[in-house]
Amino acid sequence: MRYDLVDLRVFLAVLDEGNLSRGAQRCNLAPSSVSQRIRQLEDALGTPLLERNREGVSPTPAGTVLANYARKSFELLEQMHADMLPFSAGMPGRITLFANTNAVNSFLPDDLAIFFKHHPSVRIALEEKNSHDILAAVADRRADVGIVALQANHKELAFFPYRDDELVVLVPLSSPINKDRPVRFEECLREPFVNLQRGAAINAFLLSHAAALGATLDIRVHVPGYRAIAHLVASGAGVSIVPRSVVEKEDEKRLAMLPLAEPWAERNLRICVRQDAPANHHRDELVRILVECAAAATTAA
DNA sequence: TCCAATTGAGGCCCCGATCG
DNA sequence: CGATCGGGGCCTCAATTGGA
């Protein structure tokens, strides 16, 4: 690579100012120095990055693409520095935790709060993914710990029981759906859906089951959380399929919660880690506390 | 003529190689 | 292992170019 981060910073400064001289001033350099750097950058990339004109400079299409990449790169660098901070401050421990929608929105927040009480210095990068992606990520060491709703085993992973949950159907009280028996997924597909926002792992999960029936979900609205889903279903906007654990007592007065008559409605959550993962006290502590929380909840129930 | 970009010359500093 | 030297990179300054 015949250019460096300084070149990219200078390039962005010039673009932001729309003027090479002011860009140079912002970087505490002479305009000639900036001109030279940008010329070298253009030579290295083999394409002009700036249109020079009377008023200053503007990006070429290639310059716009480079600027986007450069900005993303600097954002990533900022993130990297932020992530390194705990280490430089003498705080060892950062755990990457991937969990499915169900866990992220129900049990996990309370259980993590307990973990943080015991380990306030540990940082957790929590990401919501679907269970298949989580298994792959833990197996590939991209995640330290996963929480999945898959019963399939994986030869490189160890599993611990977490929580038992199930998917239920939320329908308005006025819905024509028979509320005296479990509902088949096929019946739900006749109604418009109220779903979590795009990207939520549960959406892909439901879409794949609809596709297996040769159908698709008629999604009337995407909303940011389960509270909004409950409100919209109660007001008659459509039906939804959610984990039982996210439905609150007060919701049950405003809408009907029906069992889903599908084998995949059972959502028995499990914690997974790599069997051969190197020793990591904080990861082991996280798993221990999650398992204990789950056991305590089962006993209380 | 003005203003912004570019070019060329020269200086400074860093780094690697060499030598005692 | 420290001192010295030379090359390369990067900088600034001054002059030049080019377009409106």
Side-chain angles (χ1 to χ4, degrees), chain A residues 1-98 116 119-129 133 136-146 156 197-199 273-286:
Chain A
M1 211 158 57
R2 287 162 291 166
Y3 53 88
D4 56 23
L5 289 175
V6 178
D7 292 333
L8 294 179
R9 241 186 235 293
V10 165
F11 175 65
L12 289 180
V14 169
L15 275 197
D16 289 347
E17 296 291 341
N19 177 297
L20 193 141
S21 301
R22 284 199 298 273
Q25 204 173 6
R26 195 160 126 182
C27 299
N28 298 313
L29 291 172
S32 56
S33 188
V34 167
S35 172
Q36 207 173 4
R37 275 185 179 273
I38 288 177
R39 181 66 68 199
Q40 284 168 0
L41 193 55
E42 290 175 320
D43 289 346
L45 297 172
T47 182
L49 300 170
L50 296 177
E51 305 262 15
R52 281 84 167 164
N53 50 50
R54 175 74 183 78
E55 291 77 27
V57 297
S58 55
T60 61
T64 303
V65 170
L66 178 70
N68 285 336
Y69 276 112
R71 288 187 212 284
K72 283 180 194 162
S73 300
F74 283 118
E75 279 172 21
L76 202 57
L77 274 174
E78 290 293 325
Q79 183 63 47
M80 182 186 82
H81 288 139
D83 287 352
M84 289 299 105
L85 204 59
F87 295 94
S88 64
M91 293 179 187
R94 176 185 165 85
I95 301 167
T96 303
L97 170 60
F98 285 5
F116 288 134
H119 303 281
S121 68
V122 177
R123 300 293 179 264
I124 291 186
L126 172 62
E127 289 188 36
E128 184 191 320
K129 305 272 184 191
D133 289 347
V138 176
D140 294 348
R141 299 183 172 83
R142 283 178 284 120
D144 300 306
V145 181
E156 292 169 330
Q197 58 199 1
R198 288 179 179 78
V273 294
R274 263 194 82 86
Q275 289 188 6
D276 64 352
N280 179 327
H281 171 67
H282 290 120
R283 181 204 57 221
D284 295 345
E285 273 293 284
L286 175 62

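All chains are named by letter (A, B, ...) in the order of the sequence lines, taking the proteins before the strands, and each is independently numbered beginning at 1. Keep in mind that what you see is a predicted model, and the values were worked out from it rather than measured.
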Starting at [atom1] of [X] and ending at [atom2] of [N], how long is that distance when rounded to a whole Å?
X: N19(A); N: dA5(B); atom1: CG; atom2: C1'; answer: 10 Å
X: Q36(A); N: dA4(B); atom1: CD; atom2: C1'; answer: 17 Å
X: E42(A); N: dT6(B); atom1: CD; atom2: P; answer: 8 Å
X: I38(A); N: dT6(B); atom1: CD1; atom2: P; answer: 8 Å
X: L41(A); N: dC10(C); atom1: CG; atom2: P; answer: 12 Å
X: L29(A); N: dA5(B); atom1: CG; atom2: P; answer: 14 Å
X: L20(A); N: dT17(C); atom1: CG; atom2: C1'; answer: 15 Å
X: L49(A); N: dT6(B); atom1: CG; atom2: C1'; answer: 16 Å

If you look at every strand shown and take non-hydrogen atoms under 4.0 Å, does S32(A) touch a base, only sugar-phosphate, or nothing?
base

Over all strands shown, is V34(A) touching base, sugar-phosphate only, or nothing at heavy-atom distances under 4.0 angstrom?
nothing

If the threshold is 4.0 Å, N to carboxylate O, is there a salt bridge linking [X] and [Y]?
X: E78(A); Y: K72(A); answer: no
X: D276(A); Y: R141(A); answer: yes
X: D16(A); Y: R26(A); answer: yes
X: D7(A); Y: R37(A); answer: yes

Roughly how far, to the nearest 0.5 Å, is the CG atom of D133(A) from the CD atom of E127(A)?
11.0 Å

Between N28(A) and dC11(C), does any side-chain N or O lie under 4.0 Å from OP1 or OP2?
no

Presence of R52(A) side-chain N/O under 4.0 Å of dG19(C) phosphate oxygens OP1/OP2:
no

Closest approach to the side chain of S21(A), judged atom by atom: which nucleotide of dC10(C), dA5(B), dT12(C) is it?
dA5(B)

Could you check which of dA5(B), dT6(B), dC10(C) has an atom nearest any side-chain atom of Q40(A)?
dC10(C)

